[in-house]
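One-based numbering, in listed order, for ligands and for the atoms of each. What you see is a predicted model; the values in this text were computed from it and never measured.
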Amino acid sequence: MTQVAAVLERGPVATDAASIARVATEALLAEVATWPKPGLVSDRDTGSHADMDAALLRASARTLTAWFAELADAGCLDCEMSDLRVIGLRAEAAMLAVTGGVNTHRGAIFGLGLLCAAAGLRQPSSDPRSLGEVVRDRWGAQIARDDEATAGSHGAQARRRFGAGGARIEAARGFPHVYHLALPALRAAAAAGAPATAARVQACFALIAELEDTNLLHRGGRAGLDFARLEARRFLAEGGIAAPDWQQRAARVHEAFVSRRLSPGGSADLLAMAIMLDRLEPASGPGGTPP
Ligand SMILES: CC(C)(COP(=O)(O)OP(=O)(O)OC[C@H]1O[C@@H](n2cnc3c(N)ncnc32)[C@H](O[C@H]2O[C@H](COP(=O)(O)OP(=O)(O)OP(=O)(O)O)[C@@H](O)[C@H]2O)[C@@H]1O)[C@@H](O)C(=O)NCCC(=O)NCCS
Ligand SMILES: Nc1ncnc2[nH]cnc12
């Protein structure tokens, strides 16, 4: 499909708070629908999870739309990180209420929520920065400093045990793994004519190959993270989705993760962010269509 046809298919995206929130939720739904994603939940199976399935993730995603809109509005009002945190915590409470206490999207609320706030802050203006750069410049210092908020979390444990920066450092730096890995992989695959789902699988493997995912560290330690990265790099080195048997090979990697109970939840979130940004960031901008 040509780039123009793809844009026409997607349609223009207004940048009011409700539209921004809709794009964020649709990105989470598209992520769930993508398969194979090593260790992660999809409509095919629950991956390495006994506590969640695709229906629960979809219910969680739909509950977050109103909170994404509130974060976009807060960004438009140039709110401080402390204000965004209050909204984010309320969104987490709404998520836990609809999931019966299961953490489906805590990291996604944070990452996609900050991008929504940045989209509210950036428009309407001729600001040439990416949404990730707006997050970095406006709230990055506060995010990097905000340590007490999650002292007991799995991510905090990964920071203490392995020195991993996790979701907070990724956000404070403007989501480099999204802009320099996932979004370019997504757009290069689409430009090469790959169907949307295959392009998303390619982007997911590109993330797993490089991201220091605190979910993998929490569940599998350094050996688990190294295994995941090695498997993803091997898939990409063998041609990724360009190989004729790519789906069978990706499914075998998925099974290998499941047998080790590995789940790259961070890569799932960053994949959703790339899907969202593919619609909100112009193709000529960051992560744009390769020459
Ligand atoms: C900043 C917060 C995200 C808190 O972060 P913290 O560092 O304290 O760690 P966690 O609370 O553990 O959350 C980190 C989640 O972020 C995702 N993630 C992991 N690595 C990365 C990375 N390198 N870059 C970006 N994002 C990353 C991941 O989230 C996804 O996975 C979760 C589901 O998977 P699962 O395996 O089920 O996870 P668990 O239930 O924890 O483990 P099990 O028991 O099942 O084994 C899910 O969260 C996905 O989204 C990490 O889990 C932020 O929450 C925070 O401070 N919030 C306060 C409100 C706020 O400030 N909001 C700002 C405006 S929105
Ligand atoms: N598809 C998925 N599977 C497991 N954890 C996730 N967190 C966000 N999306 C996920």
Query - Shortest non-hydrogen contact from V135 toward L114 - result: CG2-O, 3.5 Å
Report summary line: Within 4.0 Å of some non-hydrogen atom of T104, the atoms of ligand 2 are 7 (N), 8 (C)
Requested in this report: Using the six-membered ring of F110, assess whether NZ or CZ of R168 lies under 6.0 Å from its centre and within 45 degrees of the ring axis.
Outcome: no
Query raised in the report: Salt-bridged, E92 to R85, with N to O below 4.0 Å?
Result: no
Query raised in the report: Can a donor-acceptor pair be found between the side chains of T214 and H154 at a distance below 3.5 Å?
Result: no
Query raised in the report: For G113, is at least one N or O under 3.5 Å away from an N or O on ligand 1?
Result: no
Requested in this report: Examine distances only and state if a side-chain atom of E231 and a backbone atom of A256 form a donor-acceptor pair shorter than 3.5 Å.
Outcome: no
Query raised in the report: Heavy-atom contacts under 4.0 Å between R168 and ligand 1: side chain, backbone, both, or neither?
Result: side chain
Query - Part of D269 within contact of ligand 1 (heavy atoms, under 4.0 Å) - result: side chain
**Report entry** Atoms of ligand 2 close to A268 [distance to a heavy atom under 4.0 angstrom, numbered from 1]
**Finding:** 8 (C), 9 (N), 10 (C)
**Report entry** Under 3.5 Å side-chain donor-acceptor pair for T104 and S60
**Finding:** yes
Query raised in the report: With backbone taken as N, CA, C and O and side chain as the heavy atoms from C-beta onward, which portion of L211 lies under 4.0 Å from ligand 1: side chain, backbone, both, or neither?
Result: side chain
Report summary line: Near D269 (heavy-atom distance under 4.0 Å), the atoms of ligand 2 are 8 (C)
Query raised in the report: What about G107: any of its N or O atoms under 3.5 Å from an N or O on ligand 1?
Result: yes
Query raised in the report: To which of I109, T214, D83 does the heavy atom nearest atom 65 (S) of ligand 1 belong?
Result: I109
**Report entry** ligand 1 atoms in contact with H49 (distance to a heavy atom under 4.0 Å)
**Finding:** 35 (P), 36 (O), 37 (O)
Query raised in the report: Going by the order shown, which atoms of ligand 1 are within less than 4.0 Å of some heavy atom of H218?
Result: 46 (O)
Query raised in the report: Hey, looking at atom 4 (C) of ligand 2, which of H49, R106, K37 has the closest heavy atom?
Result: H49
Query raised in the report: Between N215, T104, D213, which one has a non-hydrogen atom sitting closest to atom 34 (O) of ligand 1?
Result: N215
Query raised in the report: Salt bridge check: are D43 and R58 linked by an N-O gap of less than 4.0 Å?
Result: yes
Query raised in the report: Side-chain donor-acceptor pair under 3.5 Å between D269 and H105, yes or no?
Result: no
Query raised in the report: Under a 4.5 Å side-chain heavy-atom rule over Ile, Leu, Val, Met, Phe, Trp and Tyr, are L211 and F235 clustered together?
Result: no
Query - N or O contact, L89 vs ligand 1, cut-off under 3.5 Å - result: no
Requested in this report: For atom 64 (C) of ligand 1, state which one of L112, L217, L84 supplies the nearest heavy atom.
Outcome: L84
**Report entry** Heavy-atom nearest neighbour of atom 12 (O) of ligand 1 within options G155, A74, A50
**Finding:** G155
Query raised in the report: Is E212 touching ligand 1 with its side chain, its backbone, both, or neither, if touching means heavy atoms under 4.0 Å apart?
Result: backbone
Query raised in the report: Does F162 belong to the same Ile/Leu/Val/Met/Phe/Trp/Tyr cluster as I169, with side-chain heavy atoms less than 4.5 Å apart forming each link?
Result: no
Query raised in the report: Is the closest basic N to carboxylate O distance between E238 and R249 below 4.0 Å?
Result: yes
Report task. Give a yes/no verdict on whether any heavy atom in H177 is under 4.0 Å from an atom of ligand 1. Result -> no
Report summary line: Per-atom filter on ligand 2: closer than 4.0 angstrom to a heavy atom of L57 are 1 (N), 2 (C)
Query - Donor-acceptor side-chain pairing of Y179 and E133 below 3.5 angstrom - result: no
Query raised in the report: In terms of residue, atom name and distance, what is the protein heavy atom nearest to atom 9 (N) of ligand 2?
Result: E31 OE1, 2.9 Å
Query - N/O separation below 3.5 Å, S153 to ligand 1 - result: yes
Query raised in the report: Does ligand 1 have any atom sitting under 4.0 Å from a heavy atom of G111?
Result: no
Report task. List the steps, then state whether side chain to side chain donor-acceptor pair (under 3.5 Å) holds for H218 with D213. Result -> CA-CA 9 Å; H218 168 64; D213 195 315; over 6 Å; no
Query raised in the report: Should E170 be counted as touching ligand 1, given the test is an N or O pair under 3.5 Å?
Result: no
Requested in this report: Give a yes-or-no answer on whether the side chains of E210 and H177 include a donor-acceptor pair shorter than 3.5 Å.
Outcome: no
Query raised in the report: To the nearest 0.1 Å, how far is atom 3 (N) of ligand 2 from its closest protein heavy atom, and which atom is that?
Result: V41 N, 2.9 Å
**Report entry** Atom indices of ligand 1 within 4.0 angstrom of M52 heavy atoms, with elements
**Finding:** 37 (O)
Report summary line: Closest to atom 55 (C) of ligand 1 (heavy atoms only, candidates E92, M81, R85) is E92
